[in-house]
Amino acid sequence: MKKITSTLLLSLGITGGILTSCDIERFPNNYMATEQVAENQEILFDNMLNGMYAQLKTWSDPMHRLGEYAGDNMMIRGASTDAFYEFITYSRTPDNYRLQNFWDYGYKAIAQASNIINMAKQTDDSTIRSKLGECYYVRGMMYFYLCRAFGRPYYQAPDKNLGVPIVNGTPDEDAISNLSLPDRSTVKATYQQAINDLRTAEQMITTSFQNADCASKEAAQAMLSRVYLYMSGTYENPNTEYADSARYYADLVIQSPNFHLVSREDYMKSPRTAPENYPEDIFVIKRLAADFPGEDYYYTIGGMYSNIGGMGWGEMYASAKYLDLLNETKRNDWRKGDAGIVDARAKFIEPQYSTDDNGNYTEVLRFITPNATGTGYTYVQLPVNNTYTECYTVDENGNPKDRYPITPYTIGRTADEQYYTINYNGSSYTGVIDYQMSLNNGYPMFYITKCSREDNLESQLHSPIISRLDEMYLNRAEAYVKLGQPEQARMDVNTIRTRAINDQAAYDATTFAANAAQLVDKERQLELAYQAERSYDVFRNGGTLTRQYPGPHPINDVPATDYRVTYYIPQTAINSYPSGSTLTQNPTSDGGVITH
């Protein structure tokens with residue numbers, strides 16, 4: 001029986017199924033015999049690489065949902081039977097098919113990369129060695145992404161807490177009959193594996209940067225910057241060695257001539273721009289329209305955030321917390337189109353305004369109150385009179401009913417922003433005058449379009465972002481804060497902030513020095529929203545996730561020490577481990593969490 005290299009990893013247990021001799025002999029699509037590859041490396045190598053990159057397409061979907069849905073940038077319109085709802089509610093279970101896909105396809109990419117490395121690592125061909133570097137990049141990236149989902153934050157006893165199994169390649173046929181697979185390595189060991197691979201990638205990739213859909217030297221450096229940032233401790237107790245490494249690698253990418261920050265105008269068009277035409281993209285998971293036949297766009301990442309071109313469920317919206325951050329400098333008034341956009345990142349949010357039978361908009365005061373049961377929050381929209389002195393409810397015939405006086409709210413706000421205060425049901429609330437919005441299950445539909453319309457198509461086409469240049473500035477800023485250099489951090493934050501808003505939004509030295517950590521984190525949340533980073537950013541710095549805004553999610557805070565910060569190892573992976581091998585599950589209560 002011939003040994004093979006497969007785009008399907010560890011079919012031997014780590015991904016949930018045992019490979020039979022029939023499967024091995026069949027040689028389906030994307031399977032090649034080892035000797036075929038060895039004898040025809042130049043011909044077949046690209047096919048093998050394509051197989052490795054292909055795994056990332058399926059992997060990127062649950063990757064996004066794990067990282068973004070567990071954060072505080074979005075809300076969902078109601079409970080869902082979909083497995084991703086567990087990510088939102090923190091009701092962790094090991095029987096979750098989306099979690100399993102994230103695990104399976106992550107390890108399939110690791111296996112594909114490892115098998116190519118193991119077959120061709122002795123080559124002296126410079127072109128092939130550079131492509132081998134791409135394999136090291138993908139493998140290192142996968143170990144990092146898997147470990148940050150299934151392992152505790154690095155500052156919490158990384159030499160004791162478990163990361164993920166380190167399995168670099170599929171066993172040959174002689175080992176299958178007596179297969180043994182390793183248990184999970186520690187978080188520290190898993191991160192070291194990722195670093196070793198990424199450093200090797202940095203050294204081996206010698207071809208110049210072409211497009212962001214292919215691993216490059218800069219992609220490895222960008223990922224090293226993030227890995228070291230995750231290792232750099234908390235603001236209160238930083239690891240300065242790792243913080244300096246995060247700074248060093250971010251600096252290398254920033255200095256690269258291959259990337260530059262675009263103008264505010266072009267940044268606002270970034271979701272519509274193909275990655276190959278966007279000079280901030282370092283590495284993305286390239287998707288094509290051909291990947292989504294028929295109604296498949298409903299099931300894309302953007303399909304939950306909006307309905308574009310008639311495709312998408314449009315059931316998840318920007319959270320009130322994120323909207324408040326966007327409006328912090330000055331209110332973004334979407335009624336005015338681009339002229340009303342203050343923070344460029346507000347361009348990626350599209351309120352769905354409703355009209356009456358004559359096509360006219362209704363002005364309302366929109367504000368947030370506790371819900372009737374006291375278990376969360378709800379939006380209220382009340383029509384306002386022409387002089388902006390009162391709001392009112394309407395009866396069944398549409399006539400004014402209960403009336404509520406309103407007064408301008410001017411603390412930190414200007415009159416043109418139209419913030420008003422209302423005494424409603426015995427309590428005082430502040431809201432904004434806006435057009436009435438369409439509701440879904442009682443929630444205004446603030447569509448998120450950062451994951452839609454790529455290449456100017458009216459569709460849900462989107463290539464998930466792994467690394468971009470703006471992140472490098474924010475990585476370096478955080479590292480500078482942890483290194484005790486707030487002035488350098490301020491310059492990096494202001495670079496991103498003034499591009500998004502204007503020069504007047506820049507922080508002065510006194511303001512920034514007094515709140516450096518909070519201001520870096522705020523800018524990171526604003527800039528990297530809907531890129532699957534937020535929940536991990538909160539916990540890796542020892543923060544607490546707070547979601548005191550409308551939505552069906554639990555409003556209880558989630559501290560970084562909570563056992564639910566890590567996802568459970570998929571039960572299918574545990575069940576399919578070979579007899580005599582162990583795959584240890586994560587703690588099922590706070591009592592099992594090791595923090596020091």
Side-chain angles (χ1 to χ4, degrees), residues 49 53 126-138 140-141 195 197-229 243-286 344 454-455 463-480 483 485 487-500 503 506 523-524 527-528 531 533:
L49 281 176
Y53 284 117
S126 60
T127 300
I128 291 181
R129 284 186 60 80
S130 189
K131 292 179 179 180
L132 281 176
E134 297 177 39
C135 298
Y136 279 105
Y137 167 81
V138 168
M141 179 183 74
I195 288 170
D197 282 342
L198 292 168
R199 282 181 167 175
T200 301
E202 180 193 19
Q203 296 166 2
M204 293 185 70
I205 300 176
T206 54
T207 55
S208 58
F209 178 86
Q210 297 296 323
N211 285 312
D213 61 349
C214 182
S216 62
K217 180 185 293 290
E218 290 93 343
Q221 292 166 341
M223 191 57 59
L224 281 164
S225 174
R226 190 190 300 173
V227 172
Y228 279 119
L229 198 69
D244 192 54
S245 293
R247 176 210 58 79
Y248 169 78
Y249 280 107
D251 197 53
L252 288 179
V253 181
I254 291 169
Q255 292 179 15
S256 169
N258 293 316
F259 312 97
H260 66 267
L261 293 177
V262 300
S263 66
R264 182 179 190 271
E265 180 182 9
D266 287 344
Y267 176 69
M268 291 168 69
K269 300 174 184 176
S270 58
R272 292 179 173 269
T273 307
E276 56 269 25
N277 298 323
Y278 192 67
E280 292 187 34
D281 281 339
I282 301 168
F283 186 72
V284 303
I285 310 300
K286 177 66 176 177
E454 186 173 303
D455 207 17
S463 295
I465 299 163
I466 300 299
S467 295
R468 266 185 175 176
L469 184 60
D470 52 0
E471 182 201 348
M472 297 301 102
Y473 282 91
L474 296 171
N475 286 2
R476 192 169 69 176
E478 181 178 328
Y480 275 135
L483 290 167
Q485 302 177 47
E487 183 57 21
Q488 286 83 350
R490 182 177 74 93
M491 289 188 288
D492 279 340
V493 168
N494 281 343
T495 295
I496 299 302
R497 185 167 179 80
T498 56
R499 187 267 295 270
D503 289 344
E523 210 61 37
R524 192 175 180 92
E527 188 75 9
L528 305 184
Q531 293 178 206
E533 300 297 323

Answer yes or no: is there a side-chain heavy-atom contact under 4.5 Å between [X] and [Y]?
X: Arg490; Y: Asn494; result: yes
X: Leu469; Y: Ile254; result: yes
X: Pro279; Y: Phe259; result: no
X: Val253; Y: Ser225; result: no
X: Glu454; Y: Pro271; result: no
X: Thr495; Y: Arg499; result: no
X: Lys286; Y: Glu276; result: yes

In Å and rounded to the nearest 0.5 Å, what is the [atom1] to [atom2] distance from [X] to [Y]?
X: Asp503; Y: Thr498; atom1: CG; atom2: OG1; answer: 5.5 Å
X: Leu474; Y: Leu229; atom1: CG; atom2: CG; answer: 10.0 Å
X: Ile195; Y: Leu224; atom1: CD1; atom2: CG; answer: 7.0 Å
X: Asp470; Y: Met472; atom1: CG; atom2: CE; answer: 8.5 Å

Checking the side chain of Tyr228 only, and the main-chain atoms of Met223 only, is there a donor and an acceptor separated by less than 3.5 Å?
no
Between Ser130 (side chain) and Thr206 (backbone), is there a donor-acceptor pair under 3.5 Å?
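Pair found, side chain donor or acceptor close to backbone of Thr206.
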Mind checking side-chain contact (heavy atoms from CB on, under 4.5 Å) for Glu265 and listing every partner two or more places apart, or none if nothing turns up?
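So Glu265 forms a side-chain contact (heavy atoms from CB on, under 4.5 Å) with Ser263, Lys269.
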Partners of Ala477 by side-chain contact (heavy atoms from CB on, under 4.5 Å), sequence neighbours excluded?
Ala489, Asp492, Val493, Val520
For residues Glu280 and Ser270, is any side-chain donor paired with an opposing acceptor at under 3.5 Å?
no
Examine the side chains of Tyr267 and Glu527 and answer whether a donor and an acceptor come within less than 3.5 Å of each other.
yes
Minimum heavy-atom separation for [X] and [Y], please, with both atom names.
X: Val227; Y: Leu198; answer: CG2-CD1, 4.0 Å
X: Glu134; Y: Cys214; answer: OE1-SG, 3.2 Å
X: Phe209; Y: Asp281; answer: CZ-O, 3.8 Å

For residues 244-252, please give each side-chain donor-acceptor pair under 3.5 Å, one per line with the distance, not counting sequence neighbours.
from	atom 1	to	atom 2	distance (Å)
Asp244	OD1	Arg247	NE	2.9
Asp244	OD1	Arg247	NH2	3.4
Ser245	OG	Glu241	O	3.3
Asp251	OD1	Gln255	NE2	3.4
Asp251	OD1	Arg476	NH1	2.5
Asp251	OD2	Gln255	NE2	2.5

Arg226 with Glu471: basic N within carboxylate O range, under 4.0 Å
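Here Arg226 pairs with Glu471 in a salt bridge, since their nearest N and O are under 4.0 Å apart.
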Evaluation steps, side chain to side chain contact (heavy atoms under 4.5 Å, CB included), between Arg468 and Gln531:
CA-CA 10 Å; Arg468 266 185 175 176; Gln531 293 178 206; 4.3 Å; yes
Using salt bridge (charged side-chain N to carboxylate O under 4.0 Å, His left out) as the criterion, list what pairs up with Arg497, not counting sequence neighbours.
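Salt bridge (charged side-chain N to carboxylate O under 4.0 Å, His left out) check on Arg497 returns Glu523.
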Residues which pass salt bridge (charged side-chain N to carboxylate O under 4.0 Å, His left out) with Asp197, listed by chain and number, not counting sequence neighbours:
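Salt bridge (charged side-chain N to carboxylate O under 4.0 Å, His left out) check on Asp197 returns Arg139.
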Could you name each residue pair satisfying salt bridge (charged side-chain N to carboxylate O under 4.0 Å, His left out) that touches residues 201-220, not counting sequence neighbours?
none
For Ile496 and Leu261, run side chain to side chain contact (heavy atoms under 4.5 Å, CB included): C-alpha distance rounded to whole Å, both residues' side-chain angles, the deciding distance at 0.1 Å, then the answer.
CA-CA 9 Å; Ile496 299 302; Leu261 293 177; 4.2 Å; yes
Passes side chain to side chain contact (heavy atoms under 4.5 Å, CB included), Tyr136 versus Ile205? Steps please.
CA-CA 10 Å; Tyr136 279 105; Ile205 300 176; over 6 Å; no
I'd like to know whether Phe283 forms a side chain to side chain contact (heavy atoms under 4.5 Å, CB included) with Ile465, so could you lay out the CA-CA distance, the side-chain angles of the two residues, the decisive distance to 0.1 Å, and finally the verdict.
CA-CA 7 Å; Phe283 186 72; Ile465 299 163; over 6 Å; no
